[in-house]
Amino acid sequence: MSAEPFVHPALFYQGAGQYVAAITAFVRAGLTAGEPVAIAVPGGNLAMIEAALGADAASVRLLDMREAGRNPGRIIPAVLSDFADRHPGRRVRIVGEPIWPGRTAMEYPAAAQHEALINLSFAGRRVTILCPYDAERLAPEVLREAERTHPVLRDATGERPSADYAPHDVVAGHNRAFEEPAAFVSLRFDDTNLSEARRLAARHAVALGFAGDRVDDIRLAVAELGANSLDHGGGSGTIRVWAEGGRLVCEVSDSGHITDPLVGRRPVDPQVAGSRGLLIVNLLSDLVRVHTRAGATVIRAYFDIAGPA
C-alpha cells in the first residue's frame, strides 16, 4: 500500500445508476469516517446525488462545477484547496468532475492539465479527490488521458493502479501553440502605456455588451497580465483582442517563460506580499489558456459574452 496520503482515483461510470451508486457510497464512507466532504459536479448530476443522499446532503458542501469550475484554472485554488484549507489537520474527501460531455474542445486542454496538476498540488496532503468520467459519452481519447492523470482507476469491476500514469506528459502535451485568430486589434505596450492596453480591452468589452463589474473584471485581468509582462516578461508585451465563439478573448504575449506549472493555481494569503497576477486572472476569467516556452509566453483570457453583440 502506498504511503502517499493523497489519493486521486478516476471513476469510469456507465449510466446514471452507476454514477449515483458509486458517488453516494464514496460520500457516505467519508461521512462515517468523520471526514469533511465536498461534491463539485455539473448541476444536473449534483441534483441527482443530492436527492440520493437525502438527509446526508446537509452534511456535504455542494457546488455546481459548471459555475465553480467553468475555468479549469480556478478549480484548484477556488474549489479544491479552498475546501481542504478550511479543515486543517483533517483528511478531507472531495468529488470533483471537471470533464463532462459538453466541455468544448477549447476548454478541454485546460481541464486535462488541471487534472494532471492536481497530483502536484496535493502531493503529501491528506486529501482524497474522486474524479468521475462518463465512459459512455466521453471520447475514447479523453478516457485514455484520464488514465494518465490519475494513479488509480475505478469502475464497476473494482479498483486498479493505472499502468499509464504520466501527469507531467499531459501538462506538456497540451502546452501547444495556439491557432491564429481571423481578425484582432493589437497594441504593443510597456511601462509607459499599459493603461492603453486596459482601455483597449474595455472598449471592446463594452462593444460586445459587457457592462458594470464585468468590464472592471476584464480591465483588471488585462492589467494583471500586463504587469506580469513588465515584471517577468522582458519589460514589455503585446495585447490582442477579438471575439470568438461567444467569448471576448484578451491575449497577452511577451518574452518570458513560465517554468512553474502551478503558477496561478495556488491560493494566496491576502496578508502576504507577493505576485498573484495569474491567480487573479484565473479567478476572474471564464477560461484561461497558456502556451509557454523558453523566450515566449502567450496567455489567453476568455470572457463569456452574456448577450448579443
Side-chain angles (χ1 to χ4, degrees), residues 71-74 76-77 105-117 119-121 145 148-149 166-201 204 218-242 244 247-266 268 273-303:
N71 171 26
R74 77 190 301 272
I76 289 176
M106 181 70 70
E107 296 165 346
Y108 174 72
Q113 287 181 318
H114 155 76
E115 283 281 59
L117 290 171
N119 302 286
L120 180 60
S121 179
E145 197 147 68
R148 304 177 72 199
T149 56
H168 294 287
D169 291 348
V170 173
V171 174
H174 287 294
N175 181 29
R176 302 170 186 164
F178 301 124
E179 293 184 5
E180 282 292 296
F184 57 87
V185 294
S186 66
L187 173 72
R188 183 75 179 169
F189 65 85
D190 56 25
D191 60 357
T192 68
N193 67 336
L194 180 55
S195 60
E196 285 297 321
R198 296 195 300 269
R199 284 194 286 269
L200 176 69
H204 283 266
I218 293 165
R219 188 182 291 111
L220 177 56
V222 169
E224 294 294 340
L225 291 174
N228 281 350
S229 294
L230 300 185
D231 293 340
H232 309 292
S236 63
T238 298
I239 181 172
R240 303 196 299 179
V241 181
W242 68 94
E244 173 186 337
R247 286 168 167 157
L248 170 70
V249 187
C250 299
E251 175 196 273
V252 174
S253 59
D254 56 46
S255 60
H257 181 203
I258 299 174
T259 57
D260 179 357
L262 288 176
V263 165
R265 299 174 191 261
R266 293 187 182 92
V268 178
S275 174
R276 60 203 71 194
L278 191 53
L279 173 62
I280 291 172
V281 175
N282 270 326
L283 296 177
L284 294 177
S285 306
D286 294 304
L287 175 66
V288 176
R289 297 283 309 278
V290 178
H291 172 57
T292 186
R293 57 179 173 81
T297 290
V298 182
I299 300 177
R300 290 183 175 178
Y302 298 76
F303 301 89

> For the residue pair Pro77 and Gly73, what are the closest heavy atoms and their distance?
Replying inline: CD-O, 3.6 Å
> Do Leu225 and Cys250 touch side chain to side chain, with heavy atoms closer than 4.5 Å?
Replying inline: no
> Would you say Asn193's side chain and Arg188's backbone share a donor-acceptor pair under 3.5 angstrom?
Replying inline: yes
>> Restricting to non-hydrogen atoms, name the atom on Pro167 and the atom on Ala116 that form the minimum distance, rounded to 0.1 Å.
In response: O-CB, 3.3 Å
>> One pair to check against salt bridge (Lys or Arg N to Asp or Glu O under 4.0 Å): Glu107 and Arg247. What are the steps and the verdict?
In response: CA-CA 12 Å; Glu107 296 165 346; Arg247 286 168 167 157; 2.7 Å; yes
> So Leu287 and Asn71, side chain to side chain contact (heavy atoms under 4.5 Å, CB included) or not? Walk me through it.
Replying inline: CA-CA 4 Å; Leu287 175 66; Asn71 171 26; 4.3 Å; yes
>> So does Ala301 get a backbone contact from the side chain of Ser285, meaning a donor-acceptor N/O pair under 3.5 Å?
In response: no
>> I want to check something: taking the side chain as every heavy atom from C-beta on, are Arg199 and Glu196 in contact at a cut-off of under 4.5 Å?
In response: yes
> Rounded to the nearest 0.5 Å, how far does CH2 of Trp242 lie from CD of Glu180?
Replying inline: 7.5 Å
>> Nearest 0.5 Å, please: how far is CD in Glu145 from CD in Gln113?
In response: 9.0 Å
> Could you state the interatomic distance from CG (Asp254) to OG1 (Thr238), rounded to the nearest 0.5 Å?
Replying inline: 8.5 Å
> Which distance, rounded to the nearest 0.5 Å, do you find between the CZ of Phe303 and the CG of Leu248?
Replying inline: 7.0 Å
> For Leu194 and Ala227, which heavy atoms make the closest approach, and how far apart are they?
Replying inline: CD2-N, 4.0 Å
> Under 3.5 Å, side chain of Asn175 to main-chain N/O of Thr292, donor-acceptor pair present?
Replying inline: yes
> Is the shortest heavy-atom distance from the side chain of Leu279 to the side chain of Arg266 under 4.5 Å?
Replying inline: no
> Between Ala112 and Val170, what is the shortest heavy-atom contact and its length?
Replying inline: O-CG1, 3.8 Å
>> Keeping Asn119 on the side-chain end and Thr149 on the backbone end, is there a donor-acceptor pair under 3.5 Å?
In response: yes
> Donor-acceptor pair, Ser255 side chain versus Gly233 backbone, under 3.5 Å?
Replying inline: yes
> So do Val249 and Phe184 actually touch side chain to side chain, heavy atoms under 4.5 Å?
Replying inline: no
> Under 3.5 Å, side chain of Ser121 to main-chain N/O of Leu117, donor-acceptor pair present?
Replying inline: no
> Any sub-3.5 Å donor-acceptor pair from Asp190's side-chain atoms to Ser236's backbone N or O?
Replying inline: no
> Which pair of heavy atoms, one from Val222 and one from Ala197, lies closest together, and at what distance?
Replying inline: CG1-O, 3.8 Å
>> Working to the nearest 0.5 angstrom, can you tell me the gap between Leu283 CG and Glu224 CD?
In response: 10.5 Å
> So, does Glu251 use its side chain to make a donor-acceptor pair with the main chain of Arg300 at under 3.5 Å?
Replying inline: no
>> So does Met106 get a backbone contact from the side chain of Arg289, meaning a donor-acceptor N/O pair under 3.5 Å?
In response: yes
> Tell me, do Ile299 and Ile258 make a side-chain contact under 4.5 Å, heavy atoms counted?
Replying inline: yes
> Has His257 got more than 12 heavy atoms of other residues, nucleotides or ligands less than 6.0 Å from its NE2?
Replying inline: yes
